[in-house]
J.: 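Mind looking over this structure? Questions follow.
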Amino acid sequence: MASEDSLEQALAGGAPQRVGWFRFYFADERWEWSEQVQLLHGYEPGTVTPTTELVLSHKHPEDRQQVAATLDEMRRTHRTFSTRHRIIDTGGDIHEVVVIGDQLLDEDGRLVGTHGFYVDMTPTDAQTKTMLSRALAEITENRAVIEQVKGMLMLIYRVDDDAAFELLRWRSQETNVKLRVLAEQLLSDYRMLVYEEALPPRATFDHLLLTAHLRVQAAGDTVNT
(Lines give C-alpha, C1' and ligand atoms only; values in the text may rest on other atoms or scores of the structure.)
Protein backbone atom coordinates (compact mmCIF):
# COMPACT_ATOMS: atom_id res chain seq x y z
CA MET A 1 0.00 0.00 0.00
CA ALA A 2 2.89 2.37 0.71
CA SER A 3 4.20 2.08 -2.85
CA GLU A 4 0.66 2.56 -4.17
CA ASP A 5 0.25 5.78 -2.19
CA SER A 6 3.66 6.99 -3.36
CA LEU A 7 2.69 6.47 -6.98
CA GLU A 8 -0.62 8.24 -6.38
CA GLN A 9 1.20 11.23 -4.89
CA ALA A 10 3.75 11.33 -7.68
CA LEU A 11 1.08 11.30 -10.36
CA ALA A 12 -1.09 13.84 -8.60
CA GLY A 13 1.75 16.12 -7.53
CA GLY A 14 2.06 19.60 -8.98
CA ALA A 15 -0.66 21.74 -10.48
CA PRO A 16 -1.61 20.70 -14.01
CA GLN A 17 -0.85 23.63 -16.30
CA ARG A 18 -3.09 22.50 -19.16
CA VAL A 19 -6.33 22.46 -17.16
CA GLY A 20 -7.97 25.24 -15.14
CA TRP A 21 -11.40 26.14 -13.80
CA PHE A 22 -13.84 28.97 -14.36
CA ARG A 23 -17.09 30.19 -12.78
CA PHE A 24 -19.81 32.43 -14.23
CA TYR A 25 -22.62 33.93 -12.12
CA PHE A 26 -25.92 34.73 -13.86
CA ALA A 27 -27.09 37.56 -11.58
CA ASP A 28 -24.25 40.01 -12.27
CA GLU A 29 -22.53 38.20 -15.17
CA ARG A 30 -19.41 37.90 -13.02
CA TRP A 31 -16.57 35.63 -14.14
CA GLU A 32 -13.86 33.95 -12.10
CA TRP A 33 -10.75 32.31 -13.60
CA SER A 34 -8.24 30.04 -11.93
CA GLU A 35 -4.54 30.93 -12.16
CA GLN A 36 -4.12 28.40 -14.97
CA VAL A 37 -6.87 29.99 -17.07
CA GLN A 38 -5.42 33.45 -16.49
CA LEU A 39 -2.01 32.20 -17.63
CA LEU A 40 -3.61 30.46 -20.60
CA HIS A 41 -4.93 33.83 -21.78
CA GLY A 42 -1.53 35.46 -21.22
CA TYR A 43 -2.16 37.25 -17.93
CA GLU A 44 -0.19 37.05 -14.72
CA PRO A 45 -2.46 35.69 -11.98
CA GLY A 46 -4.30 38.46 -10.15
CA THR A 47 -3.78 41.10 -12.84
CA VAL A 48 -7.06 40.69 -14.73
CA THR A 49 -10.78 40.72 -13.91
CA PRO A 50 -12.50 38.62 -16.59
CA THR A 51 -15.71 39.90 -18.16
CA THR A 52 -17.88 38.52 -20.94
CA GLU A 53 -16.40 41.13 -23.28
CA LEU A 54 -12.86 40.08 -22.36
CA VAL A 55 -13.69 36.39 -22.71
CA LEU A 56 -15.02 36.93 -26.24
CA SER A 57 -12.15 39.24 -27.21
CA HIS A 58 -9.69 36.35 -26.82
CA LYS A 59 -11.64 33.99 -29.09
CA HIS A 60 -10.20 33.36 -32.54
CA PRO A 61 -12.12 35.50 -35.07
CA GLU A 62 -13.31 32.39 -36.90
CA ASP A 63 -14.67 30.87 -33.67
CA ARG A 64 -15.98 33.98 -31.89
CA GLN A 65 -19.52 33.84 -33.28
CA GLN A 66 -19.90 30.17 -32.33
CA VAL A 67 -18.72 30.82 -28.76
CA ALA A 68 -20.92 33.92 -28.43
CA ALA A 69 -23.93 31.84 -29.48
CA THR A 70 -23.02 29.16 -26.91
CA LEU A 71 -22.76 31.80 -24.18
CA ASP A 72 -26.13 33.30 -25.16
CA GLU A 73 -27.80 29.90 -25.03
CA MET A 74 -26.16 29.14 -21.68
CA ARG A 75 -27.42 32.40 -20.18
CA ARG A 76 -30.91 31.85 -21.63
CA THR A 77 -31.42 28.15 -20.85
CA HIS A 78 -28.95 27.63 -17.97
CA ARG A 79 -28.01 24.29 -19.51
CA THR A 80 -24.68 22.52 -19.35
CA PHE A 81 -22.43 22.99 -22.36
CA SER A 82 -19.16 21.97 -23.99
CA THR A 83 -17.28 23.54 -26.86
CA ARG A 84 -13.99 23.20 -28.67
CA HIS A 85 -12.47 26.36 -30.14
CA ARG A 86 -9.36 28.53 -30.36
CA ILE A 87 -8.28 31.43 -28.20
CA ILE A 88 -5.53 34.00 -28.77
CA ASP A 89 -3.48 35.01 -25.72
CA THR A 90 -2.04 38.46 -25.03
CA GLY A 91 1.18 37.47 -26.81
CA GLY A 92 -0.66 36.54 -30.01
CA ASP A 93 -0.20 32.78 -29.61
CA ILE A 94 -3.14 30.55 -30.58
CA HIS A 95 -4.38 27.86 -28.20
CA GLU A 96 -6.90 25.18 -29.06
CA VAL A 97 -9.09 24.58 -26.03
CA VAL A 98 -11.94 22.38 -24.86
CA VAL A 99 -14.32 24.16 -22.47
CA ILE A 100 -16.87 22.19 -20.45
CA GLY A 101 -19.46 23.72 -18.11
CA ASP A 102 -22.01 22.39 -15.64
CA GLN A 103 -24.66 24.04 -13.48
CA LEU A 104 -23.33 25.92 -10.42
CA LEU A 105 -25.50 25.66 -7.30
CA ASP A 106 -25.21 27.63 -4.07
CA GLU A 107 -25.28 26.12 -0.58
CA ASP A 108 -29.08 26.03 -0.65
CA GLY A 109 -29.18 24.15 -3.93
CA ARG A 110 -30.27 27.15 -6.00
CA LEU A 111 -28.94 27.53 -9.53
CA VAL A 112 -26.68 30.61 -9.56
CA GLY A 113 -24.41 30.12 -12.55
CA THR A 114 -22.19 27.73 -14.43
CA HIS A 115 -18.76 26.35 -13.64
CA GLY A 116 -16.35 24.03 -15.36
CA PHE A 117 -12.90 23.90 -16.87
CA TYR A 118 -10.63 24.69 -19.79
CA VAL A 119 -8.35 22.04 -21.29
CA ASP A 120 -5.47 23.47 -23.34
CA MET A 121 -5.00 21.19 -26.35
CA THR A 122 -1.93 23.06 -27.61
CA PRO A 123 1.02 20.63 -27.90
CA THR A 124 3.29 20.66 -24.86
CA ASP A 125 7.07 20.77 -24.96
CA ALA A 126 9.11 17.59 -25.37
CA GLN A 127 10.10 17.40 -21.71
CA THR A 128 6.51 17.52 -20.48
CA LYS A 129 5.49 14.89 -23.00
CA THR A 130 8.33 12.64 -21.82
CA MET A 131 7.30 13.00 -18.19
CA LEU A 132 3.67 12.27 -19.02
CA SER A 133 4.66 9.29 -21.14
CA ARG A 134 6.61 7.81 -18.25
CA ALA A 135 3.73 8.39 -15.87
CA LEU A 136 1.25 6.89 -18.31
CA ALA A 137 3.50 3.86 -18.84
CA GLU A 138 3.48 3.23 -15.08
CA ILE A 139 -0.26 3.70 -14.94
CA THR A 140 -0.70 1.19 -17.76
CA GLU A 141 1.03 -1.40 -15.60
CA ASN A 142 -0.49 -0.51 -12.24
CA ARG A 143 -3.72 1.34 -12.92
CA ALA A 144 -5.79 -0.47 -15.53
CA VAL A 145 -8.97 1.29 -14.42
CA ILE A 146 -7.38 4.71 -14.99
CA GLU A 147 -6.37 3.66 -18.49
CA GLN A 148 -9.93 2.57 -19.22
CA VAL A 149 -11.39 5.88 -18.07
CA LYS A 150 -8.69 7.83 -19.89
CA GLY A 151 -9.68 6.04 -23.10
CA MET A 152 -13.30 6.93 -22.49
CA LEU A 153 -12.42 10.60 -21.97
CA MET A 154 -10.41 10.57 -25.21
CA LEU A 155 -13.47 9.25 -27.06
CA ILE A 156 -16.04 11.50 -25.38
CA TYR A 157 -14.10 14.78 -25.66
CA ARG A 158 -11.94 13.93 -28.70
CA VAL A 159 -8.70 14.78 -26.90
CA ASP A 160 -5.31 13.07 -26.95
CA ASP A 161 -4.11 10.72 -24.22
CA ASP A 162 -2.00 13.35 -22.45
CA ALA A 163 -4.90 15.80 -22.21
CA ALA A 164 -7.26 13.05 -21.01
CA PHE A 165 -4.83 12.14 -18.24
CA GLU A 166 -4.36 15.81 -17.29
CA LEU A 167 -8.13 16.20 -17.11
CA LEU A 168 -8.52 13.22 -14.80
CA ARG A 169 -5.54 14.27 -12.68
CA TRP A 170 -6.92 17.81 -12.36
CA ARG A 171 -10.31 16.56 -11.18
CA SER A 172 -8.47 14.38 -8.64
CA GLN A 173 -6.61 17.40 -7.28
CA GLU A 174 -9.58 19.77 -7.30
CA THR A 175 -11.79 17.31 -5.39
CA ASN A 176 -9.10 15.76 -3.18
CA VAL A 177 -10.05 12.26 -4.38
CA LYS A 178 -7.38 9.75 -5.34
CA LEU A 179 -6.93 9.15 -9.05
CA ARG A 180 -7.74 5.46 -8.82
CA VAL A 181 -10.87 6.03 -6.69
CA LEU A 182 -12.13 8.78 -8.98
CA ALA A 183 -11.49 6.62 -12.05
CA GLU A 184 -13.34 3.68 -10.50
CA GLN A 185 -16.35 5.91 -9.81
CA LEU A 186 -16.39 7.27 -13.36
CA LEU A 187 -16.06 3.77 -14.81
CA SER A 188 -19.02 2.66 -12.70
CA ASP A 189 -21.02 5.75 -13.75
CA TYR A 190 -20.34 5.17 -17.45
CA ARG A 191 -21.27 1.49 -17.22
CA MET A 192 -24.64 2.37 -15.66
CA LEU A 193 -25.66 4.59 -18.57
CA VAL A 194 -28.52 3.13 -20.60
CA TYR A 195 -28.40 3.70 -24.37
CA GLU A 196 -28.74 1.79 -27.63
CA GLU A 197 -26.75 2.64 -30.77
CA ALA A 198 -26.03 6.34 -30.16
CA LEU A 199 -24.09 7.61 -27.15
CA PRO A 200 -25.95 9.78 -24.61
CA PRO A 201 -25.71 13.58 -25.02
CA ARG A 202 -22.33 15.12 -24.19
CA ALA A 203 -23.93 16.98 -21.28
CA THR A 204 -24.58 13.63 -19.58
CA PHE A 205 -20.86 12.86 -19.54
CA ASP A 206 -20.01 16.45 -18.51
CA HIS A 207 -22.23 16.16 -15.46
CA LEU A 208 -20.87 12.76 -14.44
CA LEU A 209 -17.28 13.99 -14.72
CA LEU A 210 -17.91 17.12 -12.66
CA THR A 211 -19.90 15.34 -9.93
CA ALA A 212 -18.12 11.97 -9.60
CA HIS A 213 -16.39 13.08 -6.38
CA LEU A 214 -19.78 13.66 -4.73
CA ARG A 215 -20.74 10.03 -5.29
CA VAL A 216 -17.36 8.91 -3.96
CA GLN A 217 -17.96 10.97 -0.82
CA ALA A 218 -21.51 9.66 -0.48
CA ALA A 219 -20.27 6.08 -0.73
CA GLY A 220 -17.65 6.82 1.90
CA ASP A 221 -20.25 8.27 4.26
CA THR A 222 -22.40 5.17 3.80
CA VAL A 223 -19.49 2.86 4.64
CA ASN A 224 -18.54 4.89 7.71
CA THR A 225 -22.10 5.08 9.04
Side-chain angles (χ1 to χ4, degrees), residues 1 4-5 7-8 11-12 16 18-24 70 73-74 77-84 97-119 121 135-136 138-225:
M1 292 296 294
E4 180 174 325
D5 289 340
L7 175 59
E8 194 82 41
L11 293 175
R18 298 181 66 189
V19 183
W21 58 261
F22 74 91
R23 299 189 187 98
F24 174 74
T70 299
E73 182 179 3
M74 178 264 292
T77 66
H78 296 174
R79 293 178 181 174
T80 59
F81 71 93
S82 61
T83 179
R84 183 170 183 155
V97 298
V98 171
V99 182
I100 299 170
D102 194 18
Q103 294 180 332
L104 175 62
L105 307 179
D106 65 11
E107 294 180 353
D108 297 322
R110 294 174 298 191
L111 179 64
V112 296
T114 184
H115 68 146
F117 51 88
Y118 281 72
V119 184
M121 295 300 300
L136 290 173
E138 191 164 4
I139 287 177
T140 302
E141 181 178 352
N142 298 286
R143 296 287 191 275
V145 65
I146 295 178
E147 282 297 302
Q148 291 181 59
V149 173
K150 185 165 68 68
M152 292 177 179
L153 294 176
M154 291 169 64
L155 174 64
I156 294 166
Y157 296 113
R158 296 187 300 169
V159 298
D160 62 24
D161 56 355
D162 288 355
F165 173 63
E166 282 285 311
L167 179 54
L168 185 60
R169 186 166 74 100
W170 174 74
R171 290 306 297 158
S172 171
Q173 281 192 287
E174 285 289 301
T175 60
N176 197 30
V177 176
K178 286 187 175 183
L179 275 169
R180 176 179 53 80
V181 175
L182 188 65
E184 288 175 344
Q185 181 63 55
L186 283 169
L187 186 60
S188 174
D189 291 340
Y190 292 161
R191 284 175 172 169
M192 291 179 65
L193 291 175
V194 178
Y195 59 93
E196 296 182 357
E197 295 183 1
L199 288 174
R202 176 80 63 81
T204 300
F205 294 103
D206 297 344
H207 182 72
L208 290 176
L209 179 61
L210 289 168
T211 59
H213 65 288
L214 300 177
R215 290 182 292 282
V216 170
Q217 293 167 0
D221 292 340
T222 302
V223 171
N224 293 328
T225 301

J.: Please round to the nearest 0.5 Å and tell me the distance separating atom CZ of R169 and atom CG of D162.
T.: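 R169 CZ to D162 CG: 11.0 Å, rounded to 0.5 Å.
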J.: Check this for me: does any side-chain nitrogen of one of R171 and E174 sit under 4.0 Å from a carboxylate oxygen of the other?
T.: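 Result for this pair is no, no salt bridge flagged.
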J.: So do D206 and D102 actually touch side chain to side chain, heavy atoms under 4.5 Å?
T.: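 SC-SC contact between D102 and D206 ruled out.
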J.: Quick check: does any side chain N or O of Q185 sit under 3.5 Å from a backbone N or O of H213, one acting as donor and the other as acceptor?
T.: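 Checking the backbone N and O of H213 against the side chain of Q185, no donor-acceptor pair under 3.5 Å is found.
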J.: For A164 and L153, work out which heavy atoms get closest and say how close.
T.: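 Distance-wise, the nearest heavy atoms are O-CD1, 3.8 Å.
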J.: When rounded to the nearest 0.5 angstrom, what distance separates CG in L179 from OG in S172?
T.: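 Reported value, rounded in 0.5 Å steps: 4.0 Å.
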J.: Could you check if a side-chain atom of T80 sits within less than 4.5 angstrom of a side-chain atom of L210, using non-hydrogen atoms only?
T.: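 Not touching, per the 4.5 Å side-chain cut-off.
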J.: Show, in sequence, the C-alpha distance, side-chain angles and deciding distance for R202 and Y157, and conclude whether the side chain to side chain contact (heavy atoms under 4.5 Å, CB included) test is met.
T.: CA-CA 8 Å; R202 176 80 63 81; Y157 296 113; 3.6 Å; yes
J.: Suppose we screen for salt bridge (charged side-chain N to carboxylate O under 4.0 Å, His left out). Which residues come up paired with R191, at least two apart in sequence or across chains?
T.: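 Result, salt bridge (charged side-chain N to carboxylate O under 4.0 Å, His left out) vs R191: none returned.
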J.: Determine whether V159 and L167 make a side-chain contact, defined as any pair of heavy atoms from C-beta on separated by less than 4.5 Å.
T.: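 The answer is no; the side chains never approach within 4.5 Å.
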J.: Show your reasoning for whether side chain to side chain contact (heavy atoms under 4.5 Å, CB included) applies to V98 and M121.
T.: CA-CA 7 Å; V98 171; M121 295 300 300; 4.1 Å; yes
J.: Check whether any side-chain heavy atom of F22 lies under 4.5 Å from a side-chain heavy atom of T114, and answer yes or no.
T.: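 Counting from C-beta outward, F22 and T114 do come under 4.5 Å.
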J.: To the nearest 0.5 Å, what is the distance between CZ on R180 and CG on L168?
T.: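 Between R180 CZ and L168 CG, I get 12.5 Å after rounding to 0.5 Å.
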J.: State the CE-CD distance between M74 and Q103, to the nearest 0.5 angstrom.
T.: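 Output value for this atom pair is 11.5 Å.
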J.: If you apply the rule side chain to side chain contact (heavy atoms under 4.5 Å, CB included), what do you find for L104 with F24, and how did you get there?
T.: CA-CA 8 Å; L104 175 62; F24 174 74; over 6 Å; no
J.: Considering residues at least two apart in sequence or located in another chain, which fulfil the salt bridge (charged side-chain N to carboxylate O under 4.0 Å, His left out) criterion with D189?
T.: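 In terms of salt bridge (charged side-chain N to carboxylate O under 4.0 Å, His left out), with neighbours along the sequence ignored, D189 is linked to R215.
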J.: Would a 4.5 Å heavy-atom cut-off, applied to side chains only, mark F205 and L186 as touching?
T.: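 Heavy-atom side-chain distance check fails, nothing below 4.5 Å.
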J.: Closer than 3.5 angstrom, by distance alone: can the side chain of D106 be matched with the main-chain N or O of D108 as a donor-acceptor pair?
T.: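 Yes; judged by distance alone, with no hydrogens or angles, the pair exists.
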J.: Distance check, rounded to the nearest 0.5 Å: Q173 atom CD versus E166 atom CD?
T.: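 Between atom CD of Q173 and atom CD of E166 there are 9.0 Å.
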J.: I need the S82 OG to I156 CD1 distance, nearest 0.5 Å.
T.: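 S82 OG to I156 CD1: 10.5 Å, rounded to 0.5 Å.
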